[in-house]
Amino acid sequence: MPHMENKIIPFMLGDGIGADIVPAMQRVLDVAVAKAYRGSKTIEWLEVFAGDRAKREFGTYLPEETLDAFRSHGLGIKGPLTTPVGKGFRSLNVAIRQALDLYSCIRPIRWFGSSCPLPDTQKVDLVIFRENTEGLYAGVEFEAASPEAKRIMHLLSELGVGMDRLEPDSGLGIKIASEYRSKRHVRKAFRYAHEHGRHKLTIVHKGNIMWFTEGAFLKWSHEVSQEPEFMELFSAPGQLVLEDRIADNMFQQIFTRPDEFDVVVTTNLNGDYLSEAAAAIVGGVGMVPSCNMGDDMAVFEATHGSVSKYAGQDKANPTSMILAGALMLSYMGWTKSAEMIEDSVSKTLAQKIGTFDIVRGWLLGGDEEAHEVSCSEFAAEVASNI
């Protein structure tokens, strides 16, 4: 008898279109695992809650039971969560990352077959490592004209920062960069590159202006490359190569020559902007998965938001969610099923089958053979092509 392995996976529908795209992902993963392992491996889905539904049913946007489930099982997968602007709670996505110390956001970006604006899109195959816990996203902010802001402005004055640089009604935010958190993030990126057969690492920073945060990140990255674990990898021919780019220049190069990049390592805000810009090259955030990873756990998610205007219409594009599921299977070591899903997504798109947003891109590109399907129908096509 073959060894049976049943993996319990906490999952969260989230808000908005999550109720459409998460079941689509589950359908594809169940089929892929069944076909790849013929019953020797199975998934048991465990629902957990966060967001608007959690608030209605449990009185809190992020129940501790949800975090405990992720901790207990070492992983999980979630639909998008709504983040309000300037009111209510701060980002639940950030809260989950910080609570579980998921310090690296990993976004593999490659072309699967959607319409794209650049001629060499098919060559794009890069991975962006974004630090998750520091920078401006640490959320250390003080409202304009608040007592706290006034105290900090007084302290800044004592430190020699002239008040001619600060208006009295300024809101203040503090950018944080620590050696410990920067280096652990960089080490994870270096290890990923080595373990996945990638060779070039690009540190993206704005150290020419922000010397002691962005510049320190670059300095600490080079120091990591000289640690015993990595020194030989960077010195041996054909192993790892380290380079860096100024952030604003990188935004130009990611569009003009994206195929020159392999693993991109950067800070929090840079990584947020850059990963979405890179996603645009391969068809948008609806085509890119995301993983938030710490030392011993990972939570996978679609890259995009909750897009509430399409909620419940069976219309949304589930590709990002499906690929996030494949990324999770790879993390679990179930690589055969992950590869089957990725191949099937490519095959389905090659058949010119897509949701409304994918089809719109094809039509704008002059391809009139495109066939529009719903969210659940697209998942069914992907499942049938496995």
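The first residue in the sequence is number 1, and the count goes up from there.
Using a 4.5 Å heavy-atom threshold, the side chains of P318 and M25 count as separate. Two residues are said to be in side-chain contact when any heavy atoms from C-beta on lie closer than 4.5 Å; R151 and L155 fail this criterion.
E276 CD to I128 CD1: the interatomic distance, rounded to the nearest 0.5 Å, is 10.0 Å. Taking CD1 from I174 and OG1 from T213, the interatomic distance works out to 12.5 Å, rounded to the nearest 0.5 Å. Put simply, CD on E227 and NZ on K183 are 6.0 Å apart, with the number rounded to the nearest 0.5 Å. Here the straight-line distance linking atom CG of L100 with atom CG of D68 works out to 9.5 Å at 0.5 Å rounding.
For N292, the side chain to side chain contact (heavy atoms under 4.5 Å, CB included) partners are R97, L102, C105, N132, E301, not counting sequence neighbours.
Using a 4.0 Å cut-off between charged nitrogen and carboxylate oxygen, D101 and R181 do not count as a salt-bridge pair. Looking at E260 and R257, a side-chain N of the basic residue comes within less than 4.0 Å of a carboxylate O on the acidic one, giving a salt bridge.
Checked against the 6.0 Å centroid threshold, F356 and Y310 count as a close aromatic pair.
When all heavy atoms are compared, the tightest approach of E143 to A149 is O-CB, 3.4 Å.
A tilted orientation is assigned to the rings of H185 and F217, their planes being inclined by 30° to 60°. Using bins of under 30°, 30° to 60° and over 60° for the plane-to-plane angle, the ring pair F230/F190 lands in the perpendicular bin.
By the criterion of side-chain heavy atoms lying less than 4.5 angstrom apart, applied directly or through intervening Ile, Leu, Val, Met, Phe, Trp or Tyr residues, V224 is grouped together with I106 in one hydrophobic cluster.
Legend: ring pair (Phe, Tyr, Trp, His ring centres under 6.0 Å) pairs involving residues 321-355, not counting sequence neighbours, sorted by first then second residue: Y37-W334, F300-Y331.
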